[in-house]
Structure formats: structure tokens, C-alpha cells
Amino acid sequence: MELSKSSAKVLRAFLDDLDKEQYGFGLMRSTRVKSGSLYPILERFERLRWIEGYGESIDEDAKGRPRRRLYRLTALGEREARKAVAEFYRDVGRAPVWVPGIEKA
């Protein structure tokens, strides 16, 4: 699968912490992908079954905020994301040594 830069950033956020549940605003902050791009990316990954989305189970009054939609990488998603992200970086060429974090992809 060919990834856009934004899609690669979103997948990297999931791969960087496999056990972490992600949510839209948190992903926007960590990836700097705007909502107009982020939510279609999340929908596409859900359709592909790379991620699963579900409603947060909280008491909104106690937390003082509305429920979030949480997303988690599936086992299929982890395998495919690793391949897709590695291919993305391979396609753009070898990263300079001063670019941090690329060697993990």
C-alpha cells in the first residue's frame, strides 16, 4: 500500500506505542496532521481492519469532558503498518543519519 506522508505519520504514532489507545485530538497533536486529513485516514485504516475504533467508556460528568473515540492497532494492522511504513521510507530514499527515529521504521 502506498502511503501519504500524513498516513505514515499516523501509523508511526500507533507503532511507537503498540499498547496505547489513540484518539483523534491526541493524534492531531502528536502527528500535526489536521482533522480534515486525519479522520479520513482513520476511517480508511478501520475499513482495512488495521485499526479498531470504539467509544470510550467513562462517566462524562465525572471526567468533565465528552467520551472520545479510541483507536487501537490490530494484529493485522501492526504487520501491515510495519511493511507500509518501511516501504514509505524506502521509497523516499535513505534517511540522513541526523534524522532521529527513522531507524526504527
Side-chain angles (χ1 to χ4, degrees):
M1 166 187 257
E2 193 158 320
L3 293 180
S4 67
K5 179 180 174 184
S6 294
S7 294
K9 289 168 123 181
V10 171
L11 287 178
R12 283 289 306 262
F14 281 102
L15 291 169
D16 284 346
D17 192 349
L18 295 172
D19 297 324
K20 183 178 179 182
E21 295 170 322
Q22 303 283 354
Y23 62 99
F25 188 71
L27 285 167
M28 284 188 281
R29 276 197 325 239
S30 66
T31 64
R32 298 183 183 221
V33 174
K34 300 204 183 300
S35 63
S37 297
L38 177 66
Y39 289 102
I41 289 168
L42 293 173
E43 287 174 18
R44 181 170 50 127
F45 291 155
E46 271 193 285
R47 279 194 315 275
L48 291 169
R49 297 191 176 136
W50 288 16
I51 63 173
E52 60 183 1
Y54 49 94
E56 183 179 36
S57 178
I58 63 163
D59 179 345
E60 293 181 29
D61 293 328
K63 288 286 188 176
R65 63 171 174 78
R67 281 180 220 159
R68 296 173 175 154
R69 181 151 176 85
L70 300 174
Y71 301 91
R72 180 177 292 269
L73 202 59
T74 65
L76 169 67
E78 182 181 351
R79 271 193 320 275
E80 295 301 318
R82 287 187 187 283
K83 286 192 276 186
V85 170
E87 186 177 302
F88 174 84
Y89 285 109
R90 203 171 27 254
D91 286 348
V92 296
R94 181 171 211 124
V97 293
W98 51 265
V99 176
I102 297 299
E103 66 282 345
K104 294 179 187 175

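In plain terms, the two heavy atoms of A13 and L27 that are nearest each other are CB-CD2, 3.7 Å.
Among residue pairs with one or both ends in residues 22-37, none qualify as side chain to side chain donor-acceptor pair (under 3.5 Å); sequence neighbours excluded.
Judged by distance alone, the side chain of T74 and the main-chain N or O of R49 form a donor-acceptor pair under 3.5 Å.
Taking CG of L73 as the start and CG of D19 as the end, the distance is 10.5 Å to the nearest 0.5 Å. Atoms CD and CD1, from E78 and I51 in turn, are 14.0 Å apart once rounded to the nearest 0.5 Å. Atom CZ of residue R68 and atom CD of residue E21 lie 10.5 Å apart, to the nearest 0.5 angstrom.
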### Task
Might you work through the side chain to side chain contact (heavy atoms under 4.5 Å, CB included) test for L48 and E80, ending with a clear yes or no?
CA-CA 10 Å; L48 291 169; E80 295 301 318; over 6 Å; no
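By the 4.0 Å N-to-carboxylate-O rule, E52 lies too far from R72 to be salt-bridged with it.
Annotation: ring-ring contact (aromatic ring centres under 6.0 Å, His included) contacts of F45 (sequence neighbours excluded): W50.
Remark: F25 CZ is loosely packed, at most 12 non-hydrogen atoms of other residues, nucleotides or ligands lying under 6.0 Å away.
Using modelled atom types, one finds no donor on one side chain facing an acceptor on the other under 3.5 Å when comparing E46 with Y71. Side-chain contact of Y89 with R12: a donor-acceptor pair under 3.5 Å is present, judged by distance alone.
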